[in-house]
There are 2 protein chains.
Amino acid sequence: MRYSHQRELIKQVVYSTNSHPTADWIYDQVKSSVPNISLGTVYRNLKQLNNEGYIRTIYDGSIARYDWNMDSHYHLKCNTCGDLIDFQLPNDDLKKTVKRKFDFKVLDVEITLIGKCNKHN
Amino acid sequence: MRYSHQRELIKQVVYSTNSHPTADWIYDQVKSSVPNISLGTVYRNLKQLNNEGYIRTIYDGSIARYDWNMDSHYHLKCNTCGDLIDFQLPNDDLKKTVKRKFDFKVLDVEITLIGKCNKHN
DNA sequence: AAATTAAACAGTAATAGTTCCTATTATTGG
DNA sequence: CCAATAATAGGAACTATTACTGTTTAATTT
């Protein structure tokens, strides 16, 4: 992957926040240093950074968000304000621990384990 | 909610499969009995069925899928074939149990707890 | 059983997020 | 410093979903 100024800035923006930004938000940020950057460039570079393991893509409903934190961690999603909050926990009683540690009321739990099923051994 | 033939068929299609179908797949199925049903009707009714608690909407990456199973349960997503497999587990060591019970190799775990954060007490 | 009312409809246009295309520009290895 | 080619800007295209509009249909009232 050849160096690119735009990609470097995009990476810095993702690494600068814990808010799991969208492509559009990142685009707006980078525009302040490179006013005529195109949204396609942002998407292309986010995909590359994802593929190279610099960032990860998470889906918040139907829209993509980007996260610099590559450690295995989970998210608390508030369906009133939409915030996505990082957390890391042992595998015990999630709901109670989350209520205690984050004062976050769990209404629904969605767990997706991504991997490979037994048809591809 | 007034009775509608189309909605009844849409509900039946969702209840007929464990494959977590997309709106488009449901549309194709229902078309065999109502050839000129419109895709908008499918989406509108899926949303209504969701709001009335007959089905739930799950997001698979950026696309919506529909599930008749309203119990709290999780999904194994295979990133080779895209299958989404239901499972239900106690909160112990997920990865090992999943490997043993489903012969499914977990590469990444995404957990989203949906609820309300402490700004809205 | 007709008339009335409003929900649901088909068809289609519009939107949002994302990807693709093309001619131009920038990085890099020789 | 030059040639090769990866990356770019700008905009068109695409996909999933929602919104709009005039018509049909189910439920309710006469």
Side-chain angles (χ1 to χ4, degrees), chain A residues 1-14 17 19-67 77 79 82 84 110 112, chain B residues 1-14 17 19-67 77 79 82 84 110 112:
Chain A
M1 197 167 52
R2 206 173 65 169
Y3 171 86
S4 114
H5 183 51
Q6 286 87 337
R7 181 161 51 241
E8 216 43 47
L9 291 169
I10 289 163
K11 189 168 145 192
Q12 280 173 29
V13 168
V14 177
T17 180
S19 68
H20 311 88
T22 61
D24 220 60
W25 190 88
I26 296 162
Y27 174 58
D28 280 346
Q29 295 300 113
V30 177
K31 260 200 294 200
S32 62
S33 11
V34 184
N36 59 347
I37 192 172
S38 97
L39 189 52
T41 296
V42 173
Y43 275 107
R44 182 168 18 80
N45 281 299
L46 287 169
K47 186 170 283 180
Q48 277 178 101
L49 290 167
N50 179 86
N51 293 343
E52 302 281 326
Y54 291 107
I55 64 173
R56 69 163 60 181
T57 307
I58 60 187
Y59 286 96
D60 175 15
S62 63
I63 98 157
R65 294 182 169 276
Y66 302 90
D67 192 347
K77 175 175 176 177
N79 63 9
L84 221 51
E110 269 176 48
T112 306
Chain B
M1 196 167 52
R2 206 176 66 170
Y3 171 85
S4 115
H5 184 52
Q6 286 88 336
R7 181 162 50 241
E8 215 43 47
L9 291 170
I10 288 164
K11 189 168 145 192
Q12 280 173 29
V13 168
V14 177
T17 179
S19 69
H20 311 86
T22 60
D24 219 61
W25 189 88
I26 295 162
Y27 174 57
D28 280 345
Q29 295 301 113
V30 177
K31 259 199 295 201
S32 62
S33 10
V34 184
N36 59 348
I37 192 172
S38 98
L39 189 52
T41 296
V42 173
Y43 275 106
R44 182 167 20 80
N45 281 299
L46 286 169
K47 186 169 284 181
Q48 276 179 104
L49 290 167
N50 179 85
N51 292 344
E52 302 281 326
Y54 291 107
I55 64 174
R56 68 162 63 180
T57 307
I58 60 186
Y59 285 95
D60 175 15
S62 63
I63 99 158
R65 294 182 168 275
Y66 302 89
D67 192 347
K77 175 176 179 179
N79 64 9
L84 220 50
E110 269 177 50
T112 306

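Note that the structure is predicted; figures quoted are calculated from it, not measured. Numbers restart at 1 for each chain; the letters A, B, ... are given by sequence-line order, proteins then strands.
As judged by a 4.0 angstrom heavy-atom cut-off over every strand, B/L39 is placed among the base-contacting residues. Among the heavy atoms of the strands lying under 4.0 Å from A/Y43 is at least one base atom, whether or not backbone atoms are also near. Contacts of B/D24 with the nucleic acid, taken as non-hydrogen atoms under 4.0 Å apart, are absent.
Of the candidates C/dG11, D/dA7, C/dT18, C/dG11 carries the atom nearest the B/S38 side chain, counting heavy atoms from C-beta on. Taking the side chain of A/R2 as heavy atoms from C-beta on, and the options C/dT19, C/dA10, C/dA26, the nearest nucleotide is C/dA26. Taking only side-chain atoms of A/A23, from C-beta outward, the nucleotide of C/dT18, C/dC9, D/dA9 with the closest atom is C/dT18.
Closest-nucleotide positions on DNA chain D for A/N36 and A/Y3 were compared, and the one nearer the 5' end corresponds to A/Y3. Summary of the strand contacts: B/N45 and B/S62 both lie near DNA chain C, and taking for each the nucleotide with the nearest heavy atom, the more 5' one is attributed to B/N45. With DNA chain D read from its 5' end, the first of the two nearest nucleotides for B/I63 and B/S4 is the one closest to B/I63.
The CG atom of B/D67 lies 4.0 Å from the NE2 atom of B/H20; values are rounded to the nearest 0.5 Å. To the nearest 0.5 angstrom, A/R65 atom CZ is 12.5 Å from A/T57 atom OG1.
The nearest whole Å value for the distance from the OH atom in B/Y59 to the P atom in D/dT15 is 19 Å. We find that CD of B/Q6 is positioned 8 Å from P of D/dA26, with the value rounded to whole Å. Distance A/R7 CZ to C/dT28 P: 10 Å, rounded to the nearest Å. As rounded to whole Å, 10 Å separates atom P of C/dT18 from atom CD1 of A/I26. When rounded to the nearest whole Å, the span between OH of A/Y27 and P of C/dG17 equals 13 Å. Note: CG (B/D60) to P (D/dT17) measures 11 Å, nearest angstrom. Across the protein-nucleic acid pair, B/N51 atom CG and D/dT18 atom P stand 11 Å apart, rounded to whole Å. Whole-Å rounding puts the B/N50 CG to D/dT17 P distance at 13 Å.
Atom OH of A/Y54 sits in a sparse spot, with 12 or fewer heavy atoms from other residues, nucleotides or ligands closer than 6.0 Å.
Not one N or O on the side chain of B/R7 forms a donor-acceptor pair closer than 3.5 Å with the backbone of B/R44.
Nearest approach of B/V30 to B/V13, heavy atoms of both residues: CG2-CG2, 3.8 Å.
Residue B/Q48 places at least one side-chain N or O closer than 4.0 Å to OP1 or OP2 of C/dA8.
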